[in-house]
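Scroll down for the structure; my scribbles are underneath it.
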Amino acid sequence: MSEPYVKPVHLKLKTHPEYDENWVQTRIAEDPSILLLGDLELRRREKRQPRAGRLDLLLQDPSTSRLYVVELQLGATDASHIIRTLEYWDIEQKRYPQYDHCAVLVAEDVTSRFLNVISLFNSAIPIIAIQMQAIKVGNKVTLVFTKVVDELLRDVIDDDSDAEPTDRAYWEKRATKETVGLVDQVLEIIRSMDEAVKPKYNKHYIGLEKDGTVQNFFRLRPQKFGLKLFILLPQTEEVDNIVSEAGFDTDGHDGGFYRLRLTKDSIESQSDVLAELAKRAYSYYWEG
């Protein structure tokens, strides 16, 4: 027998006498995974910033050590909170340059005006906007989070004919020599399919080329503690199962790409799976 239907009630947190910002902060601090950014851990809460107030939450991905600078806002987004989010991100990434940082703005209502503003910053700064809803069902209250602006690097989504070129030394300085070396390992897997494929170093990612022609079915972004791989494939149950069964650390599928976080061990142990994904992506890139 099915459970009885209960109509949900949407709560406005900004004006609610009980469920305030501190309550939201506590819920996220208890379980950061509710933000749908992965299995994150709490590093600091209400972290004091020099001459800039307090950072609501500092979260970290334990598998990559990446830090998420999180600013909360009840009600609709406004200019001051966007500026504060970017300011905290700038302070933290300058204070700890050895870590990769991402700015996160969480608000009840990400308005269309500020959605456009955030999207503009998003082309140059890793920033995510998340809209939250407080919903009461019966005598229970829950929070629902929806990502409305993802950390989509413009050059990763678009054709890279206008991407600013760099070189290997740039990436070894931005990431590490070891993680740039992981790019070489992935390229060896791809070259088993096509020996002429070479890396194409751009400012925001490392793409692929052959005989001077872009072939970005695989795009790679070395980080301080691993390698982020973008695979150009439509999301299907079959590919979802391949990625899941291989045990890859994944950021899911967005903007047309499967997003995997790779390490030396995962590349070596799952080279056959990566080769299969490369074949599928290559075919999709050229044949659609």
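Source: prediction; values computed, not measured.
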For the student: nearest non-hydrogen atoms of T250 and V243, plus distance: CB-CG1, 4.4 Å

Salt bridge flag under 4.0 Å for residues K224 and D100: no

Non-hydrogen atoms of T85 and V104 that approach each other most closely: CG2-O, 3.9 Å

Student check: side-chain heavy atoms of L37 and K147 closer than 4.5 Å: yes

Listed partners of F217 passing ring-ring contact (aromatic ring centres under 6.0 Å, His included), at least two apart: Y282

Nearest atoms (heavy-atom pairs only) where M132 meets L74: CE-CD2, 3.6 Å

Residue pair Y284 / L232: nearest heavy atoms and the distance that separates them: CD2-O, 3.5 Å

Ion pair check, R44 and E92, cut-off under 4.0 Å: no

Geometric class of the H101/Y99 ring pair [parallel <30°, tilted 30-60°, perpendicular >60°]: perpendicular

Salt bridge (Lys or Arg N to Asp or Glu O under 4.0 Å) between E87 and R84, worked out: CA-CA 5 Å; E87 184 178 20; R84 194 178 307 164; over 6 Å; no

Residues which pass ring-ring contact (aromatic ring centres under 6.0 Å, His included) with F248, listed by chain and number, not counting sequence neighbours: none

Heavy-atom pair with the smallest gap, counting every atom of L11 and E108: O-OE2, 3.8 Å

